[in-house]
Amino acid sequence: MRIGIPAETRSGETRVAATPETVKKLAVKHQIVVQAGAGLMASVTDEAYAAAGATIGTAADAFGCDVVLKVRAPNAAERPLMKPDAVLIGMLNPFDTDNIAAMAAARLRAFALEAVPRITRAQSMDVLSSQANIAGYKAVMMAANTYQRFMPMLMTAAGTVKAARVLIMGVGVAGLQAIATAKRLGAVIEASDVRPPVKEQVESLGAKFIDVPYLTDEEKEIAKGSGGYARSMPADWMRRQGELVHERAKLADIIITTALIPGRAAPVLISEETVKAMKPGSVIVDLAVSQGGNCPLSELNKTVTKYGVHIIGEPDLATLVAADASALYARNVLDFLKLVIDKDEQLVIDREDEILKATLVCADGTVLRT
Ligand code: NAD
């Protein structure tokens, strides 16, 4: 079978869907075609791919394979390069209905990896987790870089410097890594989330959990989320959370927000009033900026200063750690591939498999899941 790895063309995308490590494993049984330069932004040369067993080719060569491995969905110019019934695997954005319709019209068999269910068997294919982990780390690095003071407490001959206070809003994969990273830098950390199990996780990392009690059974039920993801909390709980967060934000030096609700606008957690009340020189990193932001003042692809607070609105922070982000993503993709290639190295798509069913967004010219 021919497996193609095209270069990513979306603006700001630095990652690549296969690395020499994964190519080497695939090249034992398959012909691997890597587009020239596909790995350069992630520090992988064509020579490294060739040494791992790949053939280096053009975009048409890579897109023309039986299976195409991508980070992002192909665009209108790239789709026609693919064969009808070709298998496409990538972060194809299952909520982008227009794009899925276009992929269906091109008769692709497309798998959107963001839709991998959160079950134990699928953990090694969970691209949202592998990339969120990196984003959480990088968010702290960016905040520390913009912040004009030290992160750790220091006792020097010239006096004592206080540790930075970091507030993490939304403690999923990115938030947990942000706590761990900020902790390693010596910050004092507080965190908030809607889901009950998070309290224990936050405390086990040495941070303080901001408790917003559930006052009704409805609040308690919604807070459990569904499928490992948060649901939108009732307005009254959000108001009470906002009040508590407002007080904590006044003391914070750095706020990192990561709260997302799949398929919906991100919840507003840091209001304009709260930003106004923050200390001058403090920093907000809004990881939810591409979903509308957890802070209404954050701007996509920009760092802005409002009321003396620096607000970083960089989406896709994992793209700024391109080499490791690609390495982890490529391993996720390799594990996913094992589900569609049988022991005779043939493509077999079991439509009853829970993971394939959840991720297959179009096949046979039909949109299957949006
Ligand atoms: P996410 O990126 O969808 O959201 C980030 C965090 O924001 C979540 O913790 C969410 O609860 C929180 N949030 C949403 N609304 C909020 C609000 N109003 N206030 C505060 N916080 C809010 O989440 P994620 O990182 O993808 O992970 C969610 C959970 O799923 C985590 O517990 C993670 O460990 C778990 N998970 C399980 C598996 C598995 O079992 N295979 C795999 C990956 C993740």
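The basis for the numbers below is simple: all heavy atoms, side chains too, and nothing from hydrogens, waters or symmetry mates. As the structure is a computational prediction, the values presented were derived from the model and not from experiment. We count ligands from 1, going down the list as the structure has it; atoms in each ligand are counted the same way.
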Would a 4.5 Å heavy-atom cut-off, applied to side chains only, mark Val309 and Lys279 as touching? no
Which atoms of ligand 1 sit under 4.0 Å from any heavy atom of Ser129? 42 (C), 43 (C), 44 (C)
Assess whether side-chain hydrogen bond (donor to acceptor under 3.5 Å, both in side chains) is satisfied between Asp61 and Thr58, documenting all intermediate values. CA-CA 5 Å; Asp61 296 333; Thr58 62; 3.1 Å; yes
Suppose we measure from atom 13 (N) of ligand 1 to each protein heavy atom; which comes out shortest, and what is that distance? Ala259 CB, 3.6 Å
Could you tell me the residue and atom name of the protein heavy atom closest to atom 42 (C) of ligand 1, and the distance to it rounded to 0.1 Å? Asp126 OD2, 3.1 Å
Decide whether Gln291 and Arg264 meet the rule of one side-chain donor and one side-chain acceptor closer than 3.5 Å. no
Answer yes when Asp353 and Lys357 have at least one side-chain N-carboxylate O distance shorter than 4.0 Å, and no when they do not. no
Can a salt bridge be assigned to the pair Asp364 and Arg351 using a cut-off of 4.0 Å between side-chain N and carboxylate O? yes
Which one holds for Val198 and ligand 1: side chain close, backbone close, both close, or neither close, with close meaning a heavy atom under 4.0 Å? neither
For the 3.5 Å polar cut-off, considering only N or O atoms, please tell me whether Pro262 and ligand 1 meet it. no
Between Thr305 and His310: side-chain donor-acceptor atoms closer than 3.5 Å: yes
Numbering as shown, the atoms of ligand 1 that approach Ala230 to under 4.0 Å (heavy-atom distance): 10 (C), 11 (O), 14 (C)
Would you say that more than 12 heavy atoms from the other residues, nucleotides or ligands in this model lie under 6.0 Å from the NZ of Lys276, or not? yes
Using a strict cut-off of 4.0 Å, indicate which atoms of ligand 1 neighbour a heavy atom of Met238. 18 (N)
Only one of Val67, Ile349, Leu360, Asp350 forms a side chain to side chain contact (heavy atoms under 4.5 Å, CB included) with Val340, so which one is it? Ile349
Would you mind checking if Lys70 and Glu13 are paired as a salt bridge, meaning a charged N to carboxylate O distance below 4.0 Å? no
Protein heavy atom at shortest distance from atom 4 (O) of ligand 1: Leu260 N, 3.6 Å
Using a 4.0 Å cut-off to any heavy atom of Val194, which atoms of ligand 1 qualify? 11 (O), 16 (C), 17 (C), 18 (N), 19 (N), 20 (C), 21 (N)
Which atoms of ligand 1 sit under 4.0 Å from any heavy atom of Gly170? 6 (C), 7 (O), 12 (C), 21 (N)
What are the atoms of ligand 1, with element, lying closer than 4.0 Å to any heavy atom of Leu269? 17 (C), 18 (N), 19 (N)
Heavy-atom proximity to atom 19 (N) of ligand 1, picking from Met169, Gln241, Gln291, Gln123, points to Gln241
Numbered atoms of ligand 1 (with element) below 4.0 Å of Ile119, judged on heavy atoms: 41 (N)
Between Arg331 and Glu21 (salt bridge meaning N to carboxylate O under 4.0 Å), is one present in this structure? yes
the protein heavy atom lying closest to atom 5 (C) of ligand 1 turns out to be Thr258 O, 3.2 Å
Geometric N/O contact Asp193 with ligand 1, under 3.5 angstrom: yes
Please walk me through it: do Arg149 and Asp253 pass salt bridge (Lys or Arg N to Asp or Glu O under 4.0 Å)? CA-CA 9 Å; Arg149 299 172 189 272; Asp253 299 298; 5.4 Å; no
Any side-chain donor paired with an acceptor under 3.5 Å for His30 and Glu345? yes
among protein heavy atoms, the one nearest atom 3 (O) of ligand 1 is Tyr229 CD2, 3.5 Å
Where on Val173 is there a heavy atom closer than 4.0 Å to ligand 1, on the side chain, on the backbone, on both, or on neither? both
of all protein heavy atoms, closest to atom 29 (C) of ligand 1 is Gly228 O, 3.0 Å
Minimum distance, heavy atoms only, to atom 40 (O) of ligand 1: which one of Arg118, Arg195, Gln131 is it? Arg118
